[in-house]
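The next block holds one structure in the form of structure tokens; read it before the comments.
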Number of protein chains: 2
Amino acid sequence: MADIREVAKRANVSPSTVSRVLGGTTRVVEEKRARVLAAIDELDYRPNVSAQSLKGIRTRTIGLVIPNVRNLVLPAAIRGVEDVARNHGYAVVLCNTDEDSEKEQFYIKTLKSRLIDGFLFTTAKINSHNIKDLQAEGFPVMLLLRELDEQSHAVVLDHYNGAYQATNYLLSRGLKKIGLVNGSLDIKLYDERYAGYRSALKEAGLKVPDEAVVHGIDGGIEAYRAATRILLNRVDIDAFFATSDDKALGVMRAIKDLGLSIPGDISVIGFDNADIALLLDPPLTTVAQPLYEMGAAACQQLIEMIEAKQPVTPQIQRFPAEVVIRNSVK
Amino acid sequence: MADIREVAKRANVSPSTVSRVLGGTTRVVEEKRARVLAAIDELDYRPNVSAQSLKGIRTRTIGLVIPNVRNLVLPAAIRGVEDVARNHGYAVVLCNTDEDSEKEQFYIKTLKSRLIDGFLFTTAKINSHNIKDLQAEGFPVMLLLRELDEQSHAVVLDHYNGAYQATNYLLSRGLKKIGLVNGSLDIKLYDERYAGYRSALKEAGLKVPDEAVVHGIDGGIEAYRAATRILLNRVDIDAFFATSDDKALGVMRAIKDLGLSIPGDISVIGFDNADIALLLDPPLTTVAQPLYEMGAAACQQLIEMIEAKQPVTPQIQRFPAEVVIRNSVK
DNA sequence: ATGAAAGCGCTAACAT
DNA sequence: ATGTTAGCGCTTTCAT
């Protein structure tokens, strides 16, 4: 590809003038400006990002660190990130870490040597060390779908309220004996969802049916086993609140395998509103996370941080959850 | 981060020696070599990729151009790409184009100015122009899940045989009246799947039930409508072959909505073996594409092309399809 | 085998 | 307002 000197020669100006036209910082006389633009166009010139970055210019590249693309909810969020990145001329490097600290470290290293402008983390487990280091070195860092502390920028859902709404919706349908299939309480968002569930129950004057509450469930298969066990123990239940759609999937399978019907015998409500929720049988009533929008918002803020002259004060954007009513609740 | 001169100073050698140790091309006396390595370690030094690329060195970055991450099958393939990329020290830039030529062009431009080492395309529609241009400029280009022509490297499935196997499996279960819900025949893979279906039928001495064959279907909703129409027309059918899992999803919903059972009344076989296929009700019998492995193979070959001294002769790797038997076929 | 020096393509400080 | 020049961090001749 043509370099800046060829453009300069063609436009009959100096390379610096070409650079100035591109940067838009200094004024260039209109006539020359036009000649430069024409030359750029004719030669299909694009500045070499490596050379620019060597001068301390942004690379317009961000690193998106996630546990695994192969997941029910992340693709929607990724797409949100990607779309706003593209609209700002940024590229995104995708990094799957499987929540593995070593892979995460590998990526941070490679990305740093690639002079990435900023990082976006969507890991569920708290590995604050890497993130804190990055922040200390002055890298813009955003957290998406998770939060760390008040010192870190994040875009998250109001999990408490989401779970509160879900439970209340079940209650409003006359369902009072609500089992809970929840993730690990060590993960903040599951702890919050648990709290929302308890609050709603408490307000309704109901107590938590401990025999039908299980935590630490990861994925559909574990959820299947947990729900089966509860059902086999003849615990009296008329609904399950699964705190993620993949757990809901397992719970639904368990109910059906026992010859019970949804929502006839037992209602199910999920959490996430993954793309597949409406494809299930019956279509799953669930708490929607605006995943695409949250990804977009996180990327937007990251880019603002990157382009800001001085450090932006940390801010946690909390998105509202919303119950999406379909057919899995009576 | 520390630069090469700091490392040199600490190891008491010249920057060139440090560079030589890193490059591994020239011999460096063992003692100095050890000192350099120690200094690199102590300072946590990583060479600046921008500076290297300015010298014509690989950036170890590849561009992965896909229609949309938010898709049933792509995440598995992406993961395959990513894993082998990481194992070779490469990073991957993810680009969603929605099959939109303009977005594709945007990405090609930005990626080129970022001095990417090579491209991986997973677009379904044939936009050969961009790809041909890239090849002409000498960029290594791989095609994944699609193919262009004999001049292009590609990793694809043996679609013909996959459809042939699917149809034969149905036949082996005593199902003779097999409807087909297919994608656009303009897309090569759907044309091939159609051919496999016809061959199996022909060999069995059966003719294609034209009233139960529909092409040009894109996505679950269109499949739902098509299957509903066929069923409502009282076409005598005992199975549907849906040529993608998302189409199978729509077909299943249509069958159930009409009060029919799967596989009791009508059997369904899909294509892809998307991650969700086993979560459906009933779990979907389908033709597996080894998506992860294909992604991995494509990335592997792309990296080989990048690191080869001279151009590699084009090669099309065709992966075998396999019927995964679950419960949606009688 | 190793160091000195040039230069990859660009931007910004400096000079005019 | 624009051109000249130095230098970002690195690799690679070239010289020793």
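Letters A, B, ... are given to chains in the order of the sequence lines, protein chains preceding strands, and every chain is numbered from 1. Fair warning: this is a prediction, and the values are worked out from it, not measured in the lab. Below, each value reflects all heavy atoms present in this structure, side chains not excepted, and no hydrogens, waters or symmetry copies.
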Taking the minimum atom-to-atom distance to the side chain of [X], which one of [options] wins?
{"X": "B:V29", "options": "D:dT12, D:dT2, C:dA1", "result": "C:dA1"}
{"X": "B:D3", "options": "D:dG9, C:dT11, D:dA1", "result": "D:dG9"}
{"X": "B:L54", "options": "D:dG3, C:dC8, D:dC10", "result": "C:dC8"}
{"X": "A:R27", "options": "D:dG9, C:dC10, D:dA1", "result": "D:dA1"}
{"X": "B:Y45", "options": "D:dA1, C:dT2, D:dC10", "result": "D:dC10"}

Atom [atom1] of [X] and atom [atom2] of [N]: how far apart are they, to the nearest Å?
{"X": "A:I4", "N": "C:dG7", "atom1": "CD1", "atom2": "P", "value": "19 Å"}
{"X": "B:K32", "N": "C:dA1", "atom1": "NZ", "atom2": "P", "value": "11 Å"}
{"X": "B:R58", "N": "D:dT11", "atom1": "CZ", "atom2": "P", "value": "12 Å"}
{"X": "A:E6", "N": "C:dC10", "atom1": "CD", "atom2": "C1'", "value": "14 Å"}
{"X": "A:N48", "N": "D:dC10", "atom1": "CG", "atom2": "P", "value": "16 Å"}
{"X": "B:R35", "N": "C:dA1", "atom1": "CZ", "atom2": "C1'", "value": "13 Å"}
{"X": "B:I57", "N": "D:dT13", "atom1": "CD1", "atom2": "P", "value": "10 Å"}
{"X": "A:Q52", "N": "D:dG9", "atom1": "CD", "atom2": "P", "value": "16 Å"}

Where along residues 13-24 of chain A does a heavy atom come under 4.0 Å from DNA chain D, residue by residue in number order?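 Within residues 13-24 of chain A, the residues near DNA chain D are A:V13, A:S14, A:S16, A:T17, A:R20.
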Closer than 4.0 angstrom, basic N to acidic O: yes or no for [X] and [Y]?
{"X": "B:D98", "Y": "A:R79", "result": "yes"}
{"X": "A:K112", "Y": "B:D44", "result": "no"}
{"X": "B:E6", "Y": "B:R10", "result": "no"}

Tell me the bend of the helix from C:dA1-D:dT16 to C:dT16-D:dA1 as the angle between end helix axes, each from five pairs, rounded to the nearest 10 degrees.
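Inter-axis angle at the ends, rounded: 40°.
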Under 3.5 Å donor-acceptor, [X] side chain and [Y] backbone:
{"X": "A:D272", "Y": "A:A274", "answer": "no"}
{"X": "B:R60", "Y": "B:Y90", "answer": "no"}
{"X": "B:D158", "Y": "B:R318", "answer": "no"}

Self-check item: Candidates B:L74, B:T122, B:V93 - the one meeting side chain to side chain contact (heavy atoms under 4.5 Å, CB included) with B:L64
Solution: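 Of all the options given, the one that passes is B:T122.
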Practice item. Check each of A:V36, A:V13, A:V28 against A:R20 using the side chain to side chain contact (heavy atoms under 4.5 Å, CB included) test, and report the only one that passes. Key: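 The single option meeting the side chain to side chain contact (heavy atoms under 4.5 Å, CB included) with A:R20 is A:V28.
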Handout entry: Any side-chain donor near an acceptor of the partner, A:Q135 and A:S152, under 3.5 Å
Key =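 Yes, a side-chain donor-acceptor pair sits under 3.5 Å.
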- [ ] Classify the side chain of B:K55 and the base of C:dG7 as holding, or not holding, a donor-acceptor pair under 3.5 Å.
- [x]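 Pair found.
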